[in-house]
Amino acid sequence: MPYVKLWIPGDPVAKPRMTRRDQWAQRPCVVKYRAWADHFRECAGDKIKSLRVVEVTCLSWTAYYQIPKSYTKKEERECRGQLKRTPPDRDNIDKAVLDILFPDGDAHIAKGTIAKYWCDEGQEPGLTVTIEWTAPTK
């Protein structure tokens, strides 16, 4: 089955709940999300344009977050490479990824895995997205 793997460097950003006011008001969470969405599109480039003509069968992603500098050495050691069980919520990150990749709707995607981890020693924060598809039926 054909697939594409994307790497988006930097801490992933969850999609905030937006209102009509966010079209002109500059809430920091919305500004941050929009900047990350633009960065995502730029990093993915032409790879995501072709997704609109195939049948996506599986979309999985894994997020890697930088450990905060405010953590003590002990906290840092304990969380390196471990699952990240703090915000942002995984469903909000999933919503962001799907809305960026499929602006016309993502109801056709019914399978995938998602995970959040703290970065391991020497690992760069970012998001790995794997998309599998089949040839479109006519």
Side-chain angles (χ1 to χ4, degrees):
M1 189 170 299
Y3 73 95
V4 65
K5 200 169 214 173
L6 306 171
W7 169 252
I8 313 302
D11 279 345
V13 176
K15 183 166 185 175
R17 180 162 298 175
M18 292 192 225
T19 64
R20 285 184 178 212
R21 186 168 189 256
D22 287 321
Q23 294 173 356
W24 67 86
Q26 300 293 311
R27 285 192 308 150
C29 63
V30 176
V31 171
K32 183 178 178 182
Y33 165 72
R34 288 181 179 155
W36 184 76
D38 291 341
H39 172 68
F40 188 112
R41 287 185 202 96
E42 183 181 310
C43 291
D46 293 334
K47 292 180 180 179
I48 62 173
K49 290 181 179 130
S50 61
L51 293 176
R52 290 173 178 83
V53 296
V54 298
E55 289 186 21
V56 174
T57 56
C58 182
L59 187 143
S60 300
W61 58 260
T62 304
Y64 299 95
Y65 283 88
Q66 186 68 46
I67 298 171
K69 297 197 184 310
S70 61
Y71 276 29
T72 64
K73 295 288 182 188
K74 181 182 177 191
E75 289 172 322
E76 188 177 326
R77 278 192 311 274
E78 289 173 353
C79 69
R80 280 210 180 279
Q82 299 298 313
L83 289 172
K84 183 180 188 297
R85 298 180 186 273
T86 58
D89 295 346
R90 68 185 198 144
D91 58 322
N92 293 334
I93 300 167
D94 197 39
K95 182 68 175 158
V97 169
L98 294 174
D99 284 354
I100 292 166
L101 292 173
F102 305 99
D104 298 329
D106 54 50
H108 61 282
I109 300 171
K111 181 180 170 187
T113 59
I114 54 181
K116 301 183 314 180
Y117 288 96
W118 290 111
C119 287
D120 212 345
E121 188 77 41
Q123 185 179 23
E124 183 182 354
L127 181 74
T128 301
V129 182
T130 305
I131 306 162
E132 297 175 7
W133 67 86
T134 59
T137 55
K138 294 183 182 189

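Computed from a prediction, not measured in an experiment: that's the story for all the values here.
Under a 4.0 Å N-O distance rule, the pair Arg90/Asp94 does not qualify as a salt bridge.
By the rule that hydrophobic residues join a cluster once side-chain heavy atoms approach within less than 4.5 Å of another member, Tyr64 and Leu83 end up as members of one cluster. Under a hydrophobic clustering in which Ile, Leu, Val, Met, Phe, Trp and Tyr are joined whenever their side-chain heavy atoms come within less than 4.5 Å, directly or via other members, Trp7 and Leu98 fall into different clusters. Tyr117 and Leu6 end up in different hydrophobic clusters when Ile, Leu, Val, Met, Phe, Trp and Tyr side chains are linked at under 4.5 Å.
The CD atom of Glu42 lies 13.5 Å from the CH2 atom of Trp36; values are rounded to the nearest 0.5 Å. Interatomic distance, Tyr3 OH to Ile131 CD1, rounded to the nearest 0.5 Å: 12.5 Å. Here Gln26 contributes atom CD and Arg34 contributes atom CZ; the two are 7.0 Å apart, rounded to the nearest 0.5 Å. Between the CG atom of Asp11 and the CD atom of Gln66 there is a distance of 6.5 Å, given to the nearest 0.5 Å. Considering CH2 of Trp118 and CD of Glu75, their distance stands at 10.0 Å, rounded to 0.5 Å. Note that the NZ atom of Lys116 and the CH2 atom of Trp61 stand 7.5 Å from one another [nearest 0.5 Å].
Counting heavy atoms from C-beta outward, Leu59 and Asp106 have side chains that stay 4.5 Å or more apart. Looking at Thr128 and Lys5, their side chains come closer than 4.5 Å, going by heavy atoms from C-beta outward. The closest side-chain heavy-atom distance from Thr86 to Tyr65 is not below 4.5 Å. Under the 4.5 Å side-chain criterion, counting only non-hydrogen atoms from C-beta, Tyr33 is in contact with Ile100. Side-chain atoms of His39 and Val13, non-hydrogen and from C-beta on, never get closer than 4.5 Å to each other.
Residues satisfying the side chain to side chain donor-acceptor pair (under 3.5 Å) criterion with Ser70, sequence neighbours excluded, are absent altogether.
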Tell me, with the steps shown, if Leu101 and Val129 meet side-chain contact (heavy atoms from CB on, under 4.5 Å). CA-CA 10 Å; Leu101 292 173; Val129 182; 4.3 Å; yes
Begin with the C-alpha distance, continue with both residues' side-chain angles, and end with the deciding distance and a verdict on side-chain contact (heavy atoms from CB on, under 4.5 Å) for Glu55 and His108. CA-CA 8 Å; Glu55 289 186 21; His108 61 282; over 6 Å; no
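Enclosure of atom NZ in Lys84 by more than 12 non-hydrogen atoms of other residues, nucleotides or ligands within 6.0 angstrom is indicated.
Residues Gly126 and Pro12 share a closest heavy-atom pair of O-CG, 3.8 Å. Residues Pro9 and Cys43 come closest through the heavy atom pair CD-SG, 3.8 Å. The shortest non-hydrogen separation linking Trp24 to Arg20 is CZ3-O, 3.4 Å. Looking at every heavy atom in both residues, Ile8 comes nearest to Ala44 through CD1-N, 4.3 Å. Scanning all heavy atoms of the two residues, the minimum distance from Ala96 to Ala14 falls at CB-C, 4.4 Å.
Under the 3.5 Å distance criterion, the side-chain polar atoms of Asp22 are matched with a main-chain donor or acceptor of Thr19.
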